Visitor: 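First, the structure itself, so that you have it in front of you.
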Protein chains: 2
Amino acid sequence: MSHITLKDIAREAGVSTTTVSRALNNKNDISISTKQRILKLAKKMGYTPNAIARGLKIKQTQTVGVAIADISDPFFAPIVKGIEKAAHQEGYHIILCDTDEDYKKEEEALRTLIEKRVDGLLVTPAQTDYKDITELKRRKIPFVLLGRHFNFELFETDYVATDDIEGAFSATTYLIKKGHKRILFINGPDYVSSAKERLAGYKRALLEAGIGIDQSLIRKGGIKMEDGYKIMKEELKKSLNFTAVFAYSDFVALGVIKALKEAHLKIPRDIAVVGYDDIEVAAFLEVPLTTVRIPKYELGVEGFKLLKRKIANEISSPQKVILPTELIIRKSA
Amino acid sequence: MSHITLKDIAREAGVSTTTVSRALNNKNDISISTKQRILKLAKKMGYTPNAIARGLKIKQTQTVGVAIADISDPFFAPIVKGIEKAAHQEGYHIILCDTDEDYKKEEEALRTLIEKRVDGLLVTPAQTDYKDITELKRRKIPFVLLGRHFNFELFETDYVATDDIEGAFSATTYLIKKGHKRILFINGPDYVSSAKERLAGYKRALLEAGIGIDQSLIRKGGIKMEDGYKIMKEELKKSLNFTAVFAYSDFVALGVIKALKEAHLKIPRDIAVVGYDDIEVAAFLEVPLTTVRIPKYELGVEGFKLLKRKIANEISSPQKVILPTELIIRKSA
DNA sequence: CTGTTAGCGCCTTCAA
DNA sequence: TTGAAGGCGCTAACAG
């Protein structure tokens with residue numbers, strides 16, 4: 001477990017550590033013969049460079065921190081994969097922190113990630129607070145927000161996300177075109193930007209279709225399957241005054257579907273259901289789910305790419321990258 | 001982006017860096033008053049310790065490397081989550097590498113992870129080769145294998161996995177009890193330990209039931225959905241001489257189900273299907289999937305715990321931790 | 001209780 | 001083309 005160092009090689013080769021360093025880093029102010037001799041020796045001795053020492057010296061770690069809400073969630077996992085692939089391609093590693101959608105944990109994650117001196121950060125902010133993010137900005141630590149963002153007018157940050165107004169608009173419009181006039185919208189927590197945007201898209205679609213907005217058809221706070229289930233159960237106790245449900249996420253839709261099934265309501269015959277995200281399950285459900293696809297992997301890739309540019313100081317003013325969504329029509333609506 | 005250092009604080013406080021270090025690390029060979037004075041000052045100055053420098057000095061990074069086959073796979077993602085949670089609890093971070101089930105990438109991942117001087121490694125080995133793992137052992141770098149392992153008699157390593165002989169045995173026995181005598185087994189690649197074990201469990205169940213083993217009912221090489229689909233398509237072209245399918249994984253089962261559906265065969269009426277892993281989708285399928293559950297999150301947690309003990313040198317001889325599987329009976333068989 | 005010295009492993013001047 | 005010296009930020013002896 002003790003590693004070979006430059007010094008070990010230098011001693012063995014009868015040169016200085018500087019020379020060894022030069023050889024290993026393939027510099028040109030060294031003779032080809034000694035370079036090759038040292039390279040061969042290093043290999044023979046099983047030398048593995050110490051990136052920690054190097055990082056301390058050159059002040060960059062080739063590592064980015066990733067603070068994500070829930071790694072095992074089929075929505076976030078592909079994002080992480082995209083980040084990892086893009087990072088790896090550029091010679092970066094990722095340190096992963098799972099924040100459980102909890103601001104306190106997010107704050108702690110960012111702090112410890114900074115202690116690890118990551119070159120930059122990728123974050124899906126919980127958004128119940130944002131002191132930690134402003135702190136990042138104040139300290140000029142490169143970071144990019146993923147899938148969510150703050151009001152750009154008030155708090156400018158780089159981010160990559162999808163246009164959720166557009167996504168929700170197309171989903172709602174689709175339902176309207178199918179003849180639905182009363183669409184129950186089960187939204188996420190209203191402090192999350194994506195929930196705000198989806199609500200806006202939903203409203204805009206209704207307005208453009210000349211359908212009034214009925215506040216009683218807008219429910220908020222759903223994010224997990226249980227939320228969708230609970231809210232749907234409540235709604236089903238009332239008189240059924242809607243013909244379709246638009247859910248904040250596919251997970252919420254899953255809960256909705258479960259409640260509907262228990263009530264012996266057929267999808268889409270009795271109630272149409274549209275989700276959001278297009279997680280892998282969506283296509284395999286008993287009634288395959290119509291949903292708005294978010295390019296998750298690409299979100300990760302683009303997130304890293306933008307971060308990389310930030311790190312390289314190629315970006316002056318905050319940049320937003322908006323990826324397109326796509327309405328995936330299956331059987332549920 | 002330039003950080004405050006001990007030296008900065010020391011200068012400001014009029015003490016030596018050592019004293020500051022002592023205060024920050026809450027040592028007791030320092031007066032309470034100066035300790036508090038320094039702590040307050042450090043906070044005020046916005047000090048964030050440099051874990052890189054610390055790591056270089058104390059020769060540990062409080063970081064473990066995770067080389068996993070596919071982060072976005074619903075089988076592996078919960079494992080990673082388990083690792084992260086367990087690691088975080090002990091003050092560790094994880095550096096994540098996605099190996100795509102490819103030995104070359106795995107080898108590279110391990111090498112670069114070692115360069116980052118992780119304190120230990122968690123690996124789901126691709127098993128097409130194992131030089132990289134032996135190298136780990138030779139260099140006495142603490143590591144634990146996850147979900148897979150090498151023949152313990154030939155190559156001892158620490159690992160945490162499930163008893164897949166038992167898992168496959170219980171699944172096959174269940175099918176037999178349901179009256180199936182001809183069970184098609186679509187196995188994974190035969191160099192993976194879990195595939196070997198599942199095959200053994202399948203055979204044992206048949207033997208114990210006094211049913212002969214028909215090699216034509218054993219297919220290998222399936223791991224992804226497409227594999228299951230392709231193999232099932234092939235089998236369906238022949239005369240249908242089996243009444244049940246036992247798939248290496250739920251993903252393979254998904255492919256099988258798709259092929260069955262296209263052939264207008266009903267599950268379980270015409271053909272019963274049993275999967276393995278119990279990924280999240282399994283419960284939500286049109287015909288909920290009967291499968292063998294692997295405690296994925298726990299696998300990650302136990303993996304980290306064992307690694308931690310390895311790192312702390314609390315383990316002399318290679319240790320295996322076997323987690324129980326559970327047959328989850330749903331509708332598909 | 002506090003400071004001085006030294007060094008973790010590496011890279012970067014600067015001289016030779 | 002090579003080496004010596006210094007230092008990244010931190011901690012661990014060792015003195016005092």
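Residue numbers start from 1 in every chain, and the chains themselves are labelled A, B, ... in the order their sequence lines are given, proteins ahead of strands. As the structure is a prediction and not an experimental result, all values here were calculated from the model.
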Visitor: Does the Lys NZ or Arg CZ of B/Lys320 fall within the cation-pi geometry relative to B/Phe152 - under 6.0 Å from the ring centre and within 45° of the axis?
Guide: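 Yes, cation above the ring, under 6.0 Å and within 45°.
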
Visitor: Output the rounded distance in Å from CD1 (B/Ile30) to P (D/dA12).
Guide: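 Rounded to the whole Å, the gap is 14 Å.
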
Visitor: Given B/Leu306, which partner from the list B/Ile311, B/Val160, B/Val301 fulfils the side chain to side chain contact (heavy atoms under 4.5 Å, CB included) test?
Guide: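 Result: among B/Ile311, B/Val160, B/Val301, B/Val160 is the only option passing the side chain to side chain contact (heavy atoms under 4.5 Å, CB included) with B/Leu306.
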
Visitor: Answer yes when A/Asp132 and A/Lys105 have at least one side-chain N-carboxylate O distance shorter than 4.0 Å, and no when they do not.
Guide: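 No, this pair does not count.
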
Visitor: Indicate whether any N or O donor in one side chain lies under 3.5 Å from an N or O acceptor in the other, for B/Lys116 and A/Thr63.
Guide: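 Yes, a side-chain donor-acceptor pair sits under 3.5 Å.
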
Visitor: What string of B, S and - do you get for nucleotides 8-16 of chain C, 5' to 3', if B is base contact, S is sugar-phosphate-only contact and - is no contact with any protein heavy atom under 4.0 Å?
Guide: BBBBB----

Visitor: Counting just side-chain N and O atoms, does B/Thr19 come under 4.0 Å of either OP1 or OP2 of C/dG3?
Guide: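 For C/dG3, OP1/OP2 do have a side-chain N/O of B/Thr19 under 4.0 Å.
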
Visitor: Could you tell me how far apart B/Arg11 (CZ) and C/dG3 (C1') are, to the nearest whole angstrom?
Guide: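 My rounded result for the distance is 17 Å.
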
Visitor: Before giving the answer on side-chain contact (heavy atoms from CB on, under 4.5 Å), spell out for A/Phe304 and A/Gln89 the whole-Å C-alpha distance, their side-chain angles and the decisive distance to 0.1 Å.
Guide: CA-CA 11 Å; A/Phe304 178 80; A/Gln89 196 160 3; over 6 Å; no

Visitor: What is the distance from CD1 of B/Ile32 to C1' of C/dT2, rounded to the nearest Å?
Guide: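 Answer to the nearest Å: 16 Å.
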
Visitor: More than 12 heavy atoms of other residues, nucleotides or ligands under 6.0 Å from CZ of A/Phe75: is that the case?
Guide: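 Check passes, neighbour count above 12.
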
